[in-house]
Amino acid sequence: PTKQPGQESPRMGDNSAAEVAPEAPFPLTDTDKWVLSLTDDEYTYHTWDDLRSIVQNNELSVLKRKPSDLRRYIKWTAETKAEYGSMTNYLLAHRLPKSWGLPPFNPVSAVPFEEPSDFEVLLNDWPYGFVPGITHIVVWTRTTIPIDLDKGDLTPESRKLVADFIERHFVDSLGPGGEEKVVWFKNWVALQSVRALEHIHVLVRDVDPAIIKKWTQGRE
C-alpha cells in the first residue's frame, strides 16, 4: 500500500491533529494523526486492491477513516465513554445479545466461532474510508481468541481457526469466486479501540445487500 507522509501535521483550524490527539479516547496511529490534518477533499479512499495488500502484509496501522468520520468517531467515543463508562458497557447495552450478560462471559463453547450463540455479526457503525461497494462488518465473540502475548497478534492456530470460520460463514454463502470478495483481519491489541470485547473485522466487496442483511440480523 501507499506509504503515508511523515509526522508533519499542518494545522487545520479546530480540527488539527495537535489539538485532537491529546484528548483522543483511544490510541491514535501515526496514520490517524496524519488524517486529522486533512480535509475530506484531500483524502484518498482505500480501494479493494489496497485493502487486500494491507491485510496480506499485516500493515493494519495504515487503515484509515475519512477525516470528518475520524473526527466524529473520536467525539462520539469520548461522549459514549463519558455516559456509559466504557465502550464495552455501551455495546452490551445496545448492540450485543442480552443473553451474553456481563463479563467475564460464559460461552457455550471454548472454541471461538463454533457455537452461533457465542458470536454476533454486525455492520461496523464507524467503517474505514473505502471506495463505494465495500462493506465493513464486525464479528463480536464472547469466546476468547488466543493471541501471541509478545506480539499482540493472532497465533498461527488462531489464524487458521478464524480463517475457517470466515470461509464457512461468509465465503461459502457467496458461491463460486466468493473468496475474491472477502478479506478479514483482527487488529493487534495496540490498535484496538474496544479491547475488552473480542472481535474481528470482515470486509466484503460487491455483495448483495440482502445477503449482508441476512448475515447481520442481530439477536436479543
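Counting from 1, the numbers follow the sequence of the chain as shown.
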- More than 12 foreign heavy atoms under 6.0 Å from CD of E179: is that the case here? yes

- Query: Taking side chain as C-beta onward, heavy atoms only, is W34 less than 4.5 Å from D30?
  - Reply: no

- Item | Close side-chain approach of L63 and L51, heavy atoms under 4.5 Å | yes

- If you take all heavy atoms of D118 and W100, which pair is closest and at what distance? O-CZ2, 3.3 Å

- Query: Is I211 reachable from W184 through a run of I, L, V, M, F, W or Y residues, each pair having side-chain heavy atoms under 4.5 Å apart?
  - Reply: yes

- Any idea which heavy atoms bring E180 and W48 closest together, and the distance? O-NE1, 3.2 Å

- Message: Tell me the closest heavy-atom pair linking H201 and N187, and the distance in Å.
- Response: NE2-ND2, 3.6 Å

- Message: Is there a side-chain contact between I137 and L203 in this structure, where contact means two heavy atoms from C-beta onward sitting under 4.5 Å apart?
- Response: no

- Message: Let me confirm one number: the CD-CG distance from E83 to N89, rounded to the nearest 0.5 Å.
- Response: 11.0 Å

- Message: Looking at D164 and K160, is there a salt bridge between them, counting it only when a charged N and a carboxylate O are closer than 4.0 Å?
- Response: yes

- salt bridge (Lys or Arg N to Asp or Glu O under 4.0 Å) between K186 and D153: does it pass, once the steps are laid out? CA-CA 8 Å; K186 186 178 190 297; D153 199 3; over 6 Å; no

- Separation between CG of L28 and CG of L36, rounded to the nearest 0.5 Å: 6.5 Å

- Note on the structure: Minimal heavy-atom distance between K66 and Y45, with the atoms involved, is CD-OH, 3.1 Å

- Task: Could you go through the side chain to side chain contact (heavy atoms under 4.5 Å, CB included) check for W126 and L70 one step at a time?
- Result: CA-CA 8 Å; W126 297 96; L70 178 56; over 6 Å; no

- Message: Between R65 and D32 (salt bridge meaning N to carboxylate O under 4.0 Å), is one present in this structure?
- Response: no

- Message: Whether R52 and D49 form a salt bridge (side-chain N of Lys/Arg under 4.0 Å from carboxylate O of Asp/Glu) is what I want to check.
- Response: no

- Item | Side-chain donor or acceptor of K98 paired with backbone N/O of A93 under 3.5 Å | yes

- Tell me, with the steps shown, if T29 and V62 meet side chain to side chain contact (heavy atoms under 4.5 Å, CB included). CA-CA 8 Å; T29 65; V62 304; over 6 Å; no

- Query: Is there a side-chain contact between Y73 and D69, using heavy atoms and a 4.5 Å cut-off?
  - Reply: no

- Item | Validation row, ring centre W76 to ring centre Y90 under 6.0 Å | yes

- Side-chain touch I145/L154, heavy atoms, less than 4.5 angstrom: yes

- Would you sort out whether F130 and R205 count as a side chain to side chain contact (heavy atoms under 4.5 Å, CB included), showing the intermediate values? CA-CA 10 Å; F130 311 127; R205 179 183 67 161; over 6 Å; no

- Task: Answer yes when R95 and E120 have at least one side-chain N-carboxylate O distance shorter than 4.0 Å, and no when they do not.
- Result: no

- Query: Does Y128 offer a backbone N or O that forms a donor-acceptor pair with the side chain of H46 under 3.5 Å?
  - Reply: no

- Given side chain to side chain contact (heavy atoms under 4.5 Å, CB included), test L123 with T216 step by step and report yes or no. CA-CA 7 Å; L123 288 174; T216 56; 4.2 Å; yes

- Message: Keeping K181 on the side-chain end and L174 on the backbone end, is there a donor-acceptor pair under 3.5 Å?
- Response: no

- Query: Does S61 offer a backbone N or O that forms a donor-acceptor pair with the side chain of T31 under 3.5 Å?
  - Reply: yes

- Query: If Ile, Leu, Val, Met, Phe, Trp and Tyr residues are connected whenever their side-chain heavy atoms lie under 4.5 Å apart, and connections chain through other members, are V108 and L161 in the same group?
  - Reply: no

- Message: Using 30° and 60° as the class boundaries, would you call the ring planes of F119 and H169 parallel, tilted or perpendicular?
- Response: perpendicular

- Message: Using every non-hydrogen atom in the two residues, find where V138 and H199 come nearest and quote the distance to one decimal.
- Response: CG1-CB, 3.7 Å

- Item | Expected output: side-chain S173 to main-chain F170 donor-acceptor under 3.5 Å | yes

- Query: Any side-chain donor-acceptor pair under 3.5 Å between D40 and S68?
  - Reply: yes

- Distance-minimising heavy-atom pair for F26 and I74: CZ-CG1, 3.9 Å

- Message: Is any side-chain heavy atom of E198 closer than 4.5 Å to one of W140?
- Response: no

- H94 and Y84 aromatic ring geometry - parallel, tilted or perpendicular at 30°/60° bounds: perpendicular

- Message: Main chain of S109, side chain of E114: is a donor-acceptor contact present, judged purely on distance under 3.5 Å?
- Response: no

- Message: Whether the D50 and S53 side chains hold a donor-acceptor pair (N or O, under 3.5 Å, no angle test) is what I'd like checked.
- Response: no

- Just checking, is any N or O donor in the side chain of S158 or T155 under 3.5 Å from an acceptor N or O on the other one? yes

- Message: Tell me whether N57 contacts the main-chain N or O of E59 through its side chain, where contact means a donor paired with an acceptor under 3.5 Å.
- Response: no

- Spacing of I166 atom CD1 and D172 atom CG [to the nearest 0.5 Å]: 11.0 Å

- Query: Are side-chain heavy atoms of V202 and W215 found at a separation under 4.5 Å?
  - Reply: no

- Item | Distance in Å, R72 CZ paired with T77 OG1, rounded so as to fall on 0.5 Å steps | 12.5 Å

- Query: How many angstroms lie between CG in L149 and CD1 in I147, if you round to the nearest 0.5 Å?
  - Reply: 5.5 Å

- Query: Does a side-chain heavy-atom distance below 4.5 Å link F113 with V139?
  - Reply: yes

